[in-house]
Amino acid sequence: MVPTEDGVDLQFNVSESLVNVRGSQHGGITFCAAELAGRGALGRHSGADEFTTVAVDIAYLRPAVMGSALVFRARRLHAGREVGLVRVEGFVDEKKPIAVATVMCQRVS
C-alpha cells in the first residue's frame, strides 16, 4: 500500500492465481482488495488494528484480465471515534474503473 494525503493506494497485477476459468480476476479478490484498501485508509488515520469491517457495498463495473495492472484508491470520507467510512475505487491501467466500493468499519476497543 502506498500512503496518500487522504488514504492509500493498493497496487498489484492480476496473476494466474487470481483469475477464474474465464481468465478475469475473481470477484472475491476484487472485494478483498477493496476491503483491505479501505481498512488501510483508516489505519493511516488511527491504526487499522483498532477497526473491524462491518459492511462493504461494492459495484463491479468491468472485468480485469490476467496481466492487468490494478490500483485501488481508498479515500476516507469519515474517520470518527467509533466509525470510519471509506470510498474505494478500483482501476485497471490507471484509467478504466473496474469497481467502486464503500467500506464501513467500527472501532473494536
Side-chain angles (χ1 to χ4, degrees):
M1 276 190 253
V2 178
T4 65
E5 186 176 319
D6 57 348
V8 297
D9 286 356
L10 174 62
Q11 302 171 357
F12 62 95
N13 292 328
V14 179
S15 64
E16 187 175 356
S17 63
L18 304 178
V19 298
N20 57 28
V21 294
R22 291 187 279 196
S24 61
Q25 180 170 277
H26 189 281
I29 301 298
T30 302
F31 183 96
C32 288
E35 193 266 344
L36 183 64
R39 291 218 20 217
L42 287 174
R44 288 215 54 241
H45 182 263
S46 61
D49 292 340
E50 298 177 15
F51 286 94
T52 188
T53 303
V54 293
V56 178
D57 182 38
I58 189 165
Y60 299 95
L61 306 175
R62 72 168 36 96
V65 297
M66 190 165 57
S68 298
L70 302 183
V71 60
F72 286 80
R73 292 193 174 103
R75 303 297 177 256
R76 287 183 307 274
L77 299 176
H78 174 76
R81 285 184 285 146
E82 297 297 322
V83 175
L85 184 65
V86 180
R87 177 181 174 90
V88 183
E89 297 174 321
F91 296 92
V92 63
D93 300 327
E94 291 282 335
K95 55 186 176 257
K96 295 180 183 174
I98 63 162
V100 177
T102 54
V103 179
M104 183 174 167
C105 298
Q106 186 171 4
R107 191 173 302 279
V108 194
S109 54

For this session: Please test Phe72 against Ile98 for side chain to side chain contact (heavy atoms under 4.5 Å, CB included), starting from the C-alpha separation and ending with a verdict.
Result: CA-CA 9 Å; Phe72 286 80; Ile98 63 162; 4.0 Å; yes
Exercise. So which of Ile58, Val56, Asp57 actually passes side chain to side chain contact (heavy atoms under 4.5 Å, CB included) with Thr102?
Worked result: Asp57
Exercise. Does the side chain to side chain contact (heavy atoms under 4.5 Å, CB included) test come out yes or no for Leu70 and Val92, once each step is laid out?
Worked result: CA-CA 5 Å; Leu70 302 183; Val92 63; 3.8 Å; yes
Exercise. Salt bridge (charged side-chain N to carboxylate O under 4.0 Å, His left out) with Arg87: which residues, sequence neighbours excluded?
Worked result: Glu89
For this session: Give the cluster check for Leu18 versus Tyr60: same hydrophobic cluster or not, with ILVMFWY residues linked at side-chain heavy-atom distances below 4.5 Å.
Result: yes
Seminar exercise, completed: Nearest heavy-atom contact between Val88 and Ala37 is CG1-CB, 4.3 Å
Exercise. Taking all non-hydrogen atoms of both residues, which atom of Ala74 and which atom of Gly38 are closest, and how far apart?
Worked result: CB-N, 4.1 Å
Exercise. How far does OG of Ser17 sit from NE2 of His26, to the nearest 0.5 angstrom?
Worked result: 12.5 Å
Exercise. Is Gln25 close to Pro63 at the side-chain level, that is, under 4.5 Å between some pair of heavy atoms?
Worked result: no
Exercise. Transitively linked via ILVMFWY side-chain contacts under 4.5 Å: Phe31 with Val86?
Worked result: yes
Problem set entry | Check: Met104 and His78 side chains under 4.5 Å, non-hydrogen atoms | no
Seminar exercise, completed: Contacts of Glu16 meeting side chain to side chain donor-acceptor pair (under 3.5 Å) (sequence neighbours excluded), chain-then-number -> none
Exercise. According to a 4.5 Å side-chain heavy-atom criterion applied to Ile, Leu, Val, Met, Phe, Trp and Tyr, with indirect links allowed, do Leu10 and Phe91 form part of one hydrophobic cluster?
Worked result: no
Exercise. Would Val54 and Phe51 show up in the same hydrophobic cluster when neighbours are defined by side-chain heavy atoms closer than 4.5 Å?
Worked result: no
Exercise. Is there a path of hydrophobic side-chain contacts, each under 4.5 Å between heavy atoms of I, L, V, M, F, W or Y residues, that connects Leu36 with Leu85?
Worked result: no
For this session: Indicate the atoms forming the closest heavy-atom contact of Val103 with Ala34, along with that distance.
Result: CG2-O, 3.7 Å
Exercise. Per the side chain to side chain contact (heavy atoms under 4.5 Å, CB included) rule, which among Arg75, Arg76, Met1, Arg39 passes with Val8?
Worked result: Met1
For this session: Look up atom CD1 in Ile29 and atom OG in Ser15, then write down how far apart they are to the nearest 0.5 Å.
Result: 8.5 Å
Problem set entry | Derivation and outcome, salt bridge (Lys or Arg N to Asp or Glu O under 4.0 Å), residues Glu94 and Arg73 | CA-CA 10 Å; Glu94 291 282 335; Arg73 292 193 174 103; 2.4 Å; yes
